[in-house]
Amino acid sequence: MIIDCAVYRDGVRETTEHDTSSIEAALAGLGDADFLWIGIGNPTADELHRVADSLHLHPLAVEDALEAHQRPKVERYRDHTFISIRTVTYDDDDITTHEINIFLGENYLLTVRHGGPTLTGARKAAERMIEPLSHGPTAALYAVVDSIVDHYEDVAAELEVDVQEVETSVFSAERSNDSSRIYRLKRETLEFRRAVLPLREPVTRLATSAQPEDARPYFRDIADHLSRAAEAIDSIDHLLDNALQAHLAQLSVQQNEDMRKLTAGATIFAVPTAIAGIYGMNFDHMPELSWTYGYPACLAVIGGLCLYIYWRFKRSGWL
């Protein structure tokens with residue numbers, strides 16, 4: 001369905017009716033510096049085809065816009081450009097991506113959103129800056145892409161905070177099972193990477209070929225923000241790899257300490273076991289069997305040997 005539809009004359013908004021007939025009428029009445037900005041959310045095939053027919057969009061681009069599983073890209077057709085981009089949201093170690101497909105024409109901008117946050121904020125922010133919007137639909141495209149890419153940096157910052165929490169947990173004295181969270185964060189980082197990295201080349205192309213030329217510095221600014229987000233993703237992935245290796249090393253050290261303690265304990269208990277086993281044999285002639293103090297002396301010897309072995313293990317750091 002059409003969420004918002006407006007004509008912009010010299011950067012000033014003029015709201016129109018939200019139907020295909022009004023779209024055709026609005027396009028017919030546009031001047032040289034005017035353009036139409038249409039926003040559609042979760043459209044059906046019929047709804048999108050009606051709008052596409054009004055704007056004379058290429059059928060292959062319309063098909064891509066309906067699929068909602070496109071890789072971020074920019075494709076140029078005879079009289080319009082098709083851009084596919086992903087929005088990213090992050091909550092509780094979970095990254096969710098949604099697709100926005102954009103059609104940029106000479107005098108119109110059409111955004112097709114499949115789930116995710118609305119673009120109302122981006123439109124209102126653009127409307128507060130009348131001068132850029134006076135440059136036409138390319139300025140509106142910049143407003144949309146800039147709002148999405150800026151949020152990439154916010155998501156990267158939130159992800160870095162969680163990675164720092166994992167690092168703190170890994171190197172804490174308390175035992176914890178961090179491996180499952182590390183793997184989950186690495187999986188979400190991979191999803192984030194798939195949304196960000198493929199967009200770098202298309203944005204670079206826009207930064208060098210966008211029309212009018214006055215718009216190119218704006219897209220260079222987006223490319224710079226996108227590079228920072230990509231670098232943050234690489235840094236996060238590297239930190240997670242290091243945290244995983246450190247966690248596995250910590251587990252290995254802890255297991256070795258446990259084995260040493262078990263070995264020390266088994267050694268201590270081997271002494272009384274050996275002595276008791278010897279004196280448990282059924283022979284008539286054994287040393288000290290008839291001695292009055294034989295039993296307490298045997299216990300004293302066992303206790304002394306156990307204490308001596310314990311002291312040696314404690315001194316060597318095994319206990």
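Quantities reported herein were computed from a predicted structural model and do not represent experimental measurements.
- Trp37 places none of its side-chain heavy atoms less than 4.5 Å from the side chain of Arg13.
- How far NE2 of His49 is from CG of Asp46: 7.5 Å, rounded to the nearest 0.5 Å.
- For the pair His151 (side chain) and Val88 (backbone), a donor-acceptor distance under 3.5 Å is present.
- Expressed to the nearest 0.5 Å, how far CG of Leu197 lies from CZ of Phe192 amounts to 9.5 Å.
- Side-chain N or O atoms of His114 include one that pairs as donor or acceptor with a backbone N or O of Ala65 at under 3.5 Å.
- Expressed to the nearest 0.5 Å, how far CG of Leu66 lies from CG of Asn101 amounts to 9.0 Å.
- The line from CG of Leu119 to CG of Asp4 is 10.5 Å long, rounded to the nearest 0.5 Å.
- Note on ring orientation: taking the six-membered ring where Trp is involved, the planes of Tyr77 and His80 are parallel (angle under 30°, cut-offs 30° and 60°).
- For the side-chain contact (heavy atoms from CB on, under 4.5 Å) with Asp94, the lone residue among Arg187, Arg184, Glu188 that qualifies is Glu188.
- Although no hydrogens or angles enter the test, the distance criterion places a donor-acceptor pair under 3.5 Å between the side chain of Thr168 and the main chain of Gln164.
- Looking only at atom types and distance, the side chain of Arg123 has no donor-acceptor partner in the side chain of Thr111 under 3.5 Å away.
- Put simply, the side chain of Ile85 does not reach to within 4.5 Å of the side chain of Pro72, judged on heavy atoms.
- Using a distance-only test at 3.5 Å, with no hydrogens or angles considered, no donor-acceptor pair links the side chain of Ser235 to the main chain of Glu231.
- The existence of a salt bridge linking Asp224 and Arg220 is excluded, since no basic side-chain nitrogen approaches an acidic carboxylate oxygen closer than 4.0 Å.
- Phe82 and Phe103 have their aromatic ring centers within a separation under 6.0 angstrom.
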